[in-house]
Amino acid sequence: MTGEVVFAPVRALAEAIRARRLSPVALAELFLDRLERLGPRYNAVVTVTRERALTAARRAEREIAGGRYRGPLHGIPYGAKDLLATAGGIPTTWGAAPFRAQRFEFDATVIRKLDEAGAVLTAKLAMVELAGGMGYRQPHASFTGPGINPWRPDAWSGGSSSGSGSAVAAGLVPFAIGSETWGSILSPAANCGIAGLRPTYGRVSRHGAMALSWTLDKLGPLGLTADDCGLVLAAIAGRDPADPTSARRPFHYDDRSLAGRRFRFGVLEGVTKGCEAAVIASFERSLETLRLMGTVEEVRLPDLPWELTARTILWAEAASAFEDLVEAGTIAELTAPEDRYTAYARDAILAKDYLKALRLRGVMARDVDRVLAGLDALVAPGRATAATPLDVEFRSAVGGMAPDPMGAIGNAAGLPAIAVPNGFTDAGLPTSLQFMGRAWDENTVLAAARTYQALTDWHRRHPPSG
Amino acid sequence: MRPVADPEADALFALIRDRYGERLTEAQLADLREQVASIVARARPLRAVPLKNSDEPAQPFAPFRAEG
């Protein structure tokens with residue numbers, strides 16, 4: 001069974017489960033075994049939730065046998081980034097040594113919704129400590145060790161949803177839930193050669209998720225395909241009274257045939273500036289495919305401080321979110337040396353500058369919406385570089401060391417984006433393409449990514465699997 | 001690298017050193033000084049963008065009332 005299912009998309013697994021050709025219990029056992037056996041190879045796992053998984057899998061099996069089929073996630077194993085609260089004595093560590101033993105008595109809303117969909121939680125997945133909010137500059141920034149890329153053991157998985165990326169890429173779980181404040185879904189998706197969807201801010205409830213930046217945090221799915229991401233988003237999206245920022249707009253995944261659909265894509269002027277040669281080469285090849293799908297035009301945005309705005313908001317909110325840790329000096333217990341003191345610098349962010357950033361955010365959101373109103377999506381490389389070596393400082397856009405206009409614009413304005421694989425470097429590391437859409441247009445970016453994947457086969461390539 | 005004199009950055013760094021200095025090594029303080037200088041330097045382009053009184057922060061506040 002292993003070869004048939006380990007890298008099967010969620011939809012294929014769902015069809016097999018619904019037709020009762022595949023047992024949810026057997027599937028859970030398979031992935032639990034892989035998590036326990038292979039998870040340590042990638043530092044991907046914090047806690048394997050074996051007991052909870054088998055209980056859910058047995059329930060799924062009983063229900064399906066009794067004719068009660070909940071939907072495409074019924075009986076499907078998944079992993080959750082370890083900033084999502086899980087009840088039942090399962091630790092929720094936030095990737096940080098001071099919180100190794102932290103436990104919550106409730107499930108995050110996303111976890112509860114996935115339970116209701118019949119999905120099977122098999123693991124809490126590794127992450128960069130405190131989702132990267134303390135200013136990490138290199139991969140050794142988690143008490144579980146650096147996230148290791150399944151494509152090369154000397155390369156970083158990306159972060160901060162490190163385990164969510166590597167676990168899906170290595171076939172340890174069919175899908176995972178990650179989070180993005182700025183880059184933390186798209187980075188591991190790009191580095192690990194899988195699909196990662198950052199929904200519109202407010203699309204998915206943040207209740208029960210560690211907060212890094214209240215107005216930038218988004219929860220979203222990572223999977224082998226764009227279609228998988230759509231199926232998962234359908235299960236986790238929706239208004240939640242426990243999260244007042246969650247939107248009242250419902251989401252229904254539109255997975256209808258895309259035959260004949262033509263897209264209008266925009267490319268920001270200069271968007272490949274600072275990108276690695278292999279990333280640029282993959283992007284230019286992708287543009288050829290995108291021209292088969294519709295039109296591609298260069299666009300410009302007003303000359304505004306997009307990245308400074310996003311960075312100011314992120315740092316100011318992170319400083320407040322973790323004020324108790326900073327004031328108590330607990331950050332001295334964090335793993336990355338730079339995480340043990342960098343947060344103190346953020347006392348230098350003045351309230352008037354934070355408020356200026358919030359005001360600029362509104363101006364920017366309207367400006368980018370005017371551009372996106374005439375397009376289906378902006379396209380760009382998923383990341384400027386392929387996965388970096390484990391023992392090298394990376395150039396961080398959040399730290400201001402590397403340009404990331406798409407990340408700044410997309411996250412500051414709360415826009416949806418999906419990253420999908422689009423090639424490899426000479427060193428065998430994945431490169432990535434992103435589609436970023438207008439607010440609430442997840443179906444459009446998903447449609448674009450699905451169409452791209454129908455014309456390419458990068459998503460069918462997988463790293464060696466033990 | 002010796003930081004260029006910046007009274008605002010100096011004042012803010014002095015505040016941080018006063019608050020947390022006893023917890024920090026000289027190397028950490030040196031790095032923080034550079035980071036503070038960077039924060040201040042990067043705030044300036046933000047401050048330079050002219051906005052109108054009607055450009056409100058993009059963060060809606062809604063008064064809370066419990067259900068029931």
A.B. asks: More than 12 foreign heavy atoms under 6.0 Å from CD of A/Glu116: is that the case here?
C.D. replies: yes
A.B. asks: Compare all side-chain heavy atoms of B/Arg17 with those of B/Leu29 and state whether any distance is below 4.5 angstrom.
C.D. replies: yes
A.B. asks: Do A/Ser246 and A/Asp240 get their side chains close enough for a donor-acceptor pair, meaning under 3.5 Å?
C.D. replies: no
A.B. asks: So, do A/Ser213 and A/Trp315 sit near enough that their side-chain heavy atoms are less than 4.5 Å apart?
C.D. replies: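 The answer is no, as the side chains (C-beta and beyond) never meet within the 4.5 Å cut-off.
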A.B. asks: For chain B, which candidate among A/Thr245, A/Leu304, A/Leu308 shows the most heavy-atom pairs at distances under 4.5 Å?
C.D. replies: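 Of the options given, most contacts go to A/Leu308.
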A.B. asks: What option among A/Asp347, A/Leu355, A/Val363 has the most heavy-atom pairs under 4.5 Å with chain B?
C.D. replies: A/Asp347
A.B. asks: Taking non-hydrogen atoms and a cut-off under 4.5 angstrom, which of residues 323-338 of chain A neighbour chain B?
C.D. replies: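 Against chain B, the residues of residues 323-338 of chain A that fall inside the cut-off (heavy atoms, under 4.5 Å) are A/Val326, A/Glu327, A/Ala328, A/Gly329.
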A.B. asks: Are B/Asp55 and A/Arg366 close enough for a salt bridge, meaning some N to O gap below 4.0 Å?
C.D. replies: yes
A.B. asks: So which of A/Gly135, A/Gly362, A/Ala345 has the largest heavy-atom pair count under 4.5 angstrom toward chain B?
C.D. replies: A/Ala345
A.B. asks: Please examine the side chains of A/Thr215 and A/Ile313, heavy atoms only from C-beta on, and report whether any two atoms are closer than 4.5 Å.
C.D. replies: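 Yes, side chains in contact.
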A.B. asks: Is the closest side-chain heavy-atom distance between A/Arg438 and A/Asp369 below 4.5 Å?
C.D. replies: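 When only atoms from C-beta onward are counted, A/Asp369 and A/Arg438 do touch, with a gap below 4.5 Å.
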A.B. asks: Could you tell me which residues satisfy side-chain contact (heavy atoms from CB on, under 4.5 Å) with A/Pro244, sequence neighbours excluded, listed by chain and number?
C.D. replies: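 Checked A/Pro244 against side-chain contact (heavy atoms from CB on, under 4.5 Å); zero matches.
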A.B. asks: Return yes if a side-chain donor-acceptor contact under 3.5 Å exists between A/Thr312 and A/Asp353, otherwise no.
C.D. replies: no
A.B. asks: Between A/Ser179 and A/Asp217, is there a side-chain heavy-atom distance shorter than 4.5 Å?
C.D. replies: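 They are not in contact (no side-chain heavy atoms under 4.5 Å apart), so the answer is no.
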A.B. asks: Compute whether any side-chain donor of one residue and acceptor of the other, for A/Gln138 and A/Asp391, lie under 3.5 angstrom apart.
C.D. replies: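 No.
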A.B. asks: Using only atom types and a distance under 3.5 Å, with no angle test, would you say the side chain of A/Glu129 pairs donor to acceptor with the backbone of A/Ala96?
C.D. replies: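 Not a single qualifying donor-acceptor pair exists.
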A.B. asks: Between A/Leu350 and chain B, which part of the residue has a heavy atom less than 4.5 Å away: side chain, backbone, both or neither?
C.D. replies: side chain
A.B. asks: Identify which part of B/Leu51 has an atom lying under 4.5 Å from any heavy atom of chain A, answering side chain, backbone, both or neither.
C.D. replies: both
A.B. asks: Under 4.5 Å from any heavy atom of chain B, what part of A/Thr342 do you find: side chain, backbone, both or neither?
C.D. replies: both
A.B. asks: Could you give all pairs that pass the ring pair (Phe, Tyr, Trp, His ring centres under 6.0 Å) test and reach residues 10-37 of chain B, with sequence neighbours left out?
C.D. replies: A/Tyr344-B/Tyr20
A.B. asks: If you check every heavy atom in residues 204-211 of chain A against those of chain B, which residues fall under 4.5 Å?
C.D. replies: none
A.B. asks: Answer with side chain, backbone, both or neither: which region of B/Arg47 has an atom nearer than 4.5 Å to a non-hydrogen atom of chain A?
C.D. replies: both
A.B. asks: So which of B/Gln35, B/Arg23, B/Glu8 has the largest heavy-atom pair count under 4.5 angstrom toward chain A?
C.D. replies: B/Arg23
A.B. asks: Does any non-hydrogen side-chain atom of B/Asp31 lie less than 4.5 Å from one of A/Tyr341?
C.D. replies: yes
A.B. asks: A/Trp94 vs A/Phe322 aromatic rings, parallel, tilted or perpendicular, using cut-offs 30° and 60°?
C.D. replies: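 A/Trp94 and A/Phe322: perpendicular rings.
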A.B. asks: Which atoms of B/Ala9 come close to chain A, meaning under 4.5 Å heavy atom to heavy atom: side chain ones, backbone ones, both, or neither?
C.D. replies: neither
A.B. asks: Heavy-atom distances under 4.5 Å only: say whether B/Ile39 touches chain A with side chain, backbone, both or neither.
C.D. replies: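 Looking at B/Ile39, just its side chain touches chain A.
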A.B. asks: Under 4.5 Å from any heavy atom of chain A, what part of B/Glu56 do you find: side chain, backbone, both or neither?
C.D. replies: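 Contact with chain A involves the backbone of B/Glu56 alone.
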